[in-house]
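Heads up: the structure comes next, in structure tokens.
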Amino acid sequence: QVQLVEFGGGLVQPGGSLRLSCVASGSISSINTMGWHRQAPGKQRELVARIRSGGSTYYANSVKGRFTISRDNAKNTVYLQMNSLKPEDTAIYYCAADRNREVTTPDYEYWGQGTQVTVSS
């Protein structure tokens, strides 16, 4: 069993920055993939960034160069640093984890509760 809790969402102006945190607990040694996803109203949930146990990362084209996923194993935490935020980044952001190294968004086994990110003037 793995439990995930997200922190760091909020309201920010366009061009601003936020850092999301995902704190994991439970059988975290079994996790090989951690992903950040988002879902905007009327849109399907999409993968934003993911990191594997070996440290390799992936980013959606829409956030490349602006978002950075990282981890602190000592703190059992994965971060999503979001810079140069745009209104279209507004969504609920979810942290997810899976034991596989290749996994699609709907197949992630463990999910956090989500945190709201709103980018608006």
Side-chain angles (χ1 to χ4, degrees):
Q1 299 289 340
V2 174
Q3 296 80 43
L4 306 172
V5 179
E6 300 102 330
F7 301 93
L11 175 64
V12 64
Q13 292 186 330
S17 298
L18 285 173
R19 188 180 74 163
L20 306 182
S21 301
C22 175
V23 181
S25 61
S27 301
I28 57 175
S29 62
S30 67
I31 298 301
N32 279 302
T33 304
M34 298 287 295
W36 281 101
H37 307 77
R38 67 186 182 188
Q39 188 165 23
K43 301 289 186 178
Q44 64 183 6
R45 188 170 300 186
E46 64 176 346
L47 176 67
V48 174
R50 70 109 180 93
I51 187 167
R52 292 179 177 148
S53 59
S56 63
T57 58
Y58 165 87
Y59 298 94
N61 288 335
S62 59
V63 306
K64 284 181 179 177
R66 299 189 297 121
F67 291 11
T68 303
I69 188 170
S70 61
R71 66 186 184 188
D72 186 335
N73 290 335
K75 297 180 179 179
N76 297 329
T77 301
V78 174
Y79 304 96
L80 185 67
Q81 178 67 46
M82 305 185 294
N83 299 324
S84 302
L85 283 162
K86 305 174 181 179
E88 50 263 45
D89 295 318
T90 296
I92 300 175
Y93 283 71
Y94 298 90
C95 178
D98 201 88
R99 287 173 285 184
N100 296 316
R101 296 182 61 80
E102 290 287 342
V103 60
T104 59
T105 294
D107 291 334
Y108 275 79
E109 185 172 3
Y110 305 104
W111 291 85
Q113 82 287 352
T115 185
Q116 177 71 48
V117 172
T118 302
V119 185
S120 176
S121 299

For the residue pair [X] and [Y], establish whether any side-chain heavy-atom pair is separated by less than 4.5 Å.
X	Y	result
Leu4	Tyr94	no
Arg38	Leu80	no
Glu102	Thr33	no

Rounded to the nearest 0.5 Å, what separates atom [atom1] in [X] from atom [atom2] in [Y]?
X	Y	atom1	atom2	result
Asn32	Asp98	CG	CG	8.5 Å
Ser53	Arg99	OG	CZ	14.0 Å
Tyr110	Ser27	OH	OG	6.5 Å
Glu109	Ile31	CD	CD1	7.0 Å
His37	Ile92	NE2	CD1	14.5 Å
Glu46	Trp36	CD	CH2	14.5 Å

Original post:
Between Gln116 and Thr90, does a side chain to side chain contact (heavy atoms under 4.5 Å, CB included) hold up when you go through it step by step?
Top reply: CA-CA 8 Å; Gln116 177 71 48; Thr90 296; 4.0 Å; yes

Original post:
Looking at Val117, Asp89, Val119, which hits side chain to side chain contact (heavy atoms under 4.5 Å, CB included) with Met82?
Top reply: Val117

Minimum heavy-atom separation for [X] and [Y], please, with both atom names.
X	Y	result
Tyr93	Val48	CE2-CG2, 4.3 Å
Gly8	Leu18	O-CD2, 3.9 Å
Ser84	Ser17	N-OG, 4.3 Å
Gln1	Gln3	CB-NE2, 3.6 Å

Examine distances only and state if a side-chain atom of [X] and a backbone atom of [Y] form a donor-acceptor pair shorter than 3.5 Å.
X	Y	answer
Tyr59	Ile69	yes
Asn76	Val23	no
Gln113	Val5	no

**OP:** For atom CZ of Arg52, decide whether the heavy atoms of other residues, nucleotides or ligands shown that lie under 6.0 angstrom number more than 12.
**Re:** yes

Subject >> More than 12 heavy atoms from other groups under 6.0 Å of CD on Gln44 >> reply: no

Should [X] and [Y] be counted in the same cluster of Ile, Leu, Val, Met, Phe, Trp and Tyr side chains packed under 4.5 Å apart?
X	Y	answer
Leu20	Leu85	yes
Val2	Val78	yes
Val103	Met34	no

**OP:** List the steps and the verdict of side chain to side chain contact (heavy atoms under 4.5 Å, CB included) for Trp111 and Cys95.
**Re:** CA-CA 6 Å; Trp111 291 85; Cys95 178; over 6 Å; no

Subject >> Check against side chain to side chain contact (heavy atoms under 4.5 Å, CB included), Tyr108 and Arg50 >> reply: CA-CA 11 Å; Tyr108 275 79; Arg50 70 109 180 93; 3.9 Å; yes

Subject >> Short side-chain donor-acceptor distance under 3.5 Å, Thr77 and Asp72 >> reply: no

